[in-house]
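Take a look at the structure below.
We count residues from 1, following the sequence as given. Remember, it's 1-based here, ligands and their atoms both numbered in the order they're listed.
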Amino acid sequence: MSLYPSPAAHTVADYERAATERMSDDALSYIGGGAGNEITLRDNEAAWRRLALRPRALGAPAGAGTGVELLGVRRPHPVLIAPTAFARLTHPDGELGVARAAAATSTIMCLSTFASVSAAALAADVPDATRWFQLYVLADRGATRELVSAVAAHGYEALVVTVDRPVLGIRERELRAVVREAEALGHDRPIDTSAVIDPQLRWSDIEQLVADSPLPVLIKGVLTAEDAHLAAEHGAAGVIVSNHGGRQLDTVLAGADALPEVVDAVGDRLDVLVDGGIRRGTDVVKALALGARAVLIGRPTLWGLAVDGSAGVQRVLEILLAELENALTLVGAPRITDLDRSFLTAAPWAGSAR
Ligand SMILES: Cc1cc2nc3c(=O)[nH]c(=O)nc-3n(C[C@H](O)[C@H](O)[C@H](O)COP(=O)(O)O)c2cc1C
């Protein structure tokens, strides 16, 4: 496939613009919004741009490859699809369309607990998609256990336990849209996700979950060395440095800024992944150079979905992967494992116009 099959959409930002033109105000508020003043939401993207690359010449054969090892398994590349609830709000293809795009690009898809399709239906419909399951631990622990055994039985390969949502962040754009969102999904009342998630979850519960789970457990929503250590002590296989796309607590650190302390704390023991504001292949290179094993993208997949259903998601992934391959060659890292912090420096333009 040629690098740029569509003259109209060359970048993730092109998809964002096109999605913004197409989506209803309510869907836009739900997807695009963040908590509070949306400072963290904006900074998620800006923080990657505050890093400049220090390329090394004549080190890398072109196209040396993007392969990585994740949870002990070799994968063709380090970009994953982050869990996002209710994808059918964005396009009728919904999660099944996202899964088809994931399968076409050998991308791991992480299905949300609040997906608009069941874990079983997705596995049956798109068996080729490598899939992880994002788990909100429910107040009903029996139901949580049943969910975990069901996803394991349906070929999901890891559990991503989200810990940064004991309560919902105050998302003002979303608050104004919530009633119509429920209508779009065919419910007659707003979906009260908070009523089912356990707000009292503790690290001891995580330890129990790890002990009971047939799947490796990653903890999503870690922003500090302290929590990274606790995740390791309680048996997690990995952590995802994430602020939930700026949707939970405003003014927490961006993923790019929280990542180094987490890598320094547990990078020798756990797989550390990161999400938030990844929009370019160079952002992926920077995350890997800081010590992440892989990255996840949230909104970019939804923008692709909004514009062109499954084909749009596939194109967004292809754009990012082509940019990643290009950036790896140009930065002079023959393999992803050759990347380290010597490839980065604080950008002299940080704080000025970006
Ligand atoms: C519309 C939307 C829904 C989301 N739903 C979930 C969810 O159900 N579970 C979860 O752990 N994270 C959820 N997230 C957070 C994403 O998994 C991810 O952390 C975030 O979107 C990454 O930032 P990015 O959108 O800048 O790539 C959601 C994000 C968005 C934008």
Exercise. Less than 4.0 Å between a side-chain N and a carboxylate O, is that true for Asp128 and Arg100?
Worked result: no

Exercise. If hydrogens are left out, which of Arg247, Lys220, Arg171 has an atom nearest to atom 1 (C) of ligand 1, that is, the closest non-hydrogen atom?
Worked result: Arg247

Exercise. In terms of atom number and element, which parts of ligand 1 are under 4.0 angstrom from non-hydrogen atoms of Ser242?
Worked result: 19 (O)

For this session: Determine, using heavy atoms of Asn44 and all atoms of ligand 1, whether some pair is separated by less than 4.0 Å.
Result: no

Exercise. Which protein heavy atom lies closest to atom 11 (O) of ligand 1, and at what distance to 0.1 Å?
Worked result: Thr162 OG1, 2.7 Å

Seminar exercise, completed: When distances are taken from atom 23 (O) of ligand 1, the protein heavy atom at minimum range is Gly276 CA, 3.4 Å

Exercise. Purely on distance, is any nitrogen or oxygen of Arg279 under 3.5 Å from one on ligand 1?
Worked result: yes

For this session: Heavy-atom contacts with Ile31 under 4.0 Å: which atoms of ligand 1 show up? List them by number with element.
Result: 1 (C), 31 (C)

Exercise. Within a reach of under 6.0 Å around CZ of Arg141, are more than 12 heavy atoms found that belong to other residues, nucleotides or ligands?
Worked result: yes

For this session: Answer yes when Asp93 and Arg88 have at least one side-chain N-carboxylate O distance shorter than 4.0 Å, and no when they do not.
Result: no

Exercise. Roughly how far, to the nearest 0.5 Å, is the CD atom of Glu38 from the CG atom of Asp43?
Worked result: 13.0 Å

For this session: Provide, to 0.1 Å, the distance between atom 3 (C) of ligand 1 and the closest protein heavy atom, together with that atom's residue and name.
Result: Ala85 N, 3.5 Å

Exercise. Do Val285 and Leu324 come close enough that some side-chain heavy atom pair is under 4.5 Å?
Worked result: yes

Exercise. Taking the minimum heavy-atom distance to atom 9 (N) of ligand 1, which of Tyr30, Tyr136, Trp303 ranks first?
Worked result: Tyr136

Exercise. Is the shortest distance from a heavy atom of Asp275 to ligand 1 less than 4.0 Å?
Worked result: yes

Exercise. Would Asp205 and Arg202 pass as an ion pair if we require N to O under 4.0 Å?
Worked result: no

Problem set entry | Pick from Ser112, Pro83, Gly298: the one approaching atom 28 (C) of ligand 1 most closely through a non-hydrogen atom | Pro83

Seminar exercise, completed: Any heavy atom of His244 under 4.0 Å from ligand 1? The part involved is both

For this session: Compare all side-chain heavy atoms of Thr40 with those of Leu253 and state whether any distance is below 4.5 angstrom.
Result: no

Exercise. Going hydrophobic residue to hydrophobic residue with side-chain gaps under 4.5 angstrom, can you get from Leu201 over to Leu159?
Worked result: yes

